[in-house]
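All of these numbers come straight from a predicted model, not from anything done at the bench. Index from 1, following the sequence.
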Amino acid sequence: MSICVLLLYNSIITLQTMKTIGLGCDHAGYELKEFIKELLNSRNISYKDFGTYSAESCDYPDFAHALAKAVEKGEVYPGIAICGSGNGINITLNKHQEIRAALCWNKELAELARAHNDANILVMPGRFITGEEAAIILESFLNTAYEGGRHQKRIDKIPL
């Protein structure tokens, strides 16, 4: 695994366990996913795009399952998923045993998702946030470390 630094809006992001970021969305998240790809490209951050590849209507589970399987196998880490509200793709992702996807629409939720829940997929609501807001949310998610400690016993109880 490599150590990467990502600069977004004059901030520095370090994520020591980052490999290749996985991306997935439906038609409602397509525009925001393309914006995120531009951010990642501008910083030479590797990613794998699991689709969709246009704004044409499609079904979010198809892309959520592909992204979740890749995160579970260790092919990508972390994941970023987007649909209109974020709810549908988030529900689908969390059906996978090793996935802890967190729907975040602000910086504070992204920080808590990582620090307390060790979330491995960031989910954003494509119809409800701007590109600038998404960049800040992404920065917070990638720059926050999991705290472990008292939170680990709770995470250990999830895959029942």
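For Ala64, the side-chain contact (heavy atoms from CB on, under 4.5 Å) partners at least two apart in sequence or on another chain are Ile89, Thr92, Leu93. In this structure Asn41 satisfies the side chain to side chain donor-acceptor pair (under 3.5 Å) test together with Tyr47, sequence neighbours excluded. Legend: residues meeting salt bridge (charged side-chain N to carboxylate O under 4.0 Å, His left out) with Lys37, ordered by chain and number and at least two apart, are Glu34, Asp49. Legend: residues meeting side chain to side chain donor-acceptor pair (under 3.5 Å) with Asn90, ordered by chain and number and at least two apart, are Asn94. By the side chain to side chain donor-acceptor pair (under 3.5 Å) test, Thr130 is found to be paired with Glu133, residues two or more places apart in sequence or in another chain being considered. For Ser57, the side-chain contact (heavy atoms from CB on, under 4.5 Å) test picks out His27, with sequence neighbours left out. Among residues two or more places apart in sequence or in another chain, the ring pair (Phe, Tyr, Trp, His ring centres under 6.0 Å) test is passed with His116 by His151. With sequence neighbours left out, the side-chain contact (heavy atoms from CB on, under 4.5 Å) criterion links Ala115 to Thr144, Glu147. With sequence neighbours excluded, the residues forming a side-chain contact (heavy atoms from CB on, under 4.5 Å) with Phe50 are Lys48, Ala66, Leu67, Ala70, Val76, listed by chain and number.
Applying the salt bridge (charged side-chain N to carboxylate O under 4.0 Å, His left out) test to pairs two or more places apart or on separate chains, none has a residue in residues 67-93.
No hydrogens or angles considered: a donor-acceptor pair under 3.5 Å links the side chains of Gln152 and Tyr146.
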Donor-acceptor pairs under 3.5 angstrom involving side-chain atoms of residues 98-107: please list them, not counting sequence neighbours.
residue : atom : partner : partner atom : Å
Arg100  : NE   : Asn117  : O            : 3.2
Arg100  : NE   : Asp118  : O            : 3.0
Arg100  : NH2  : Asp118  : O            : 3.0
Arg100  : NH2  : Asp118  : OD2          : 3.2
Asn106  : OD1  : Glu108  : N            : 3.2
Asn106  : OD1  : Leu109  : N            : 2.8

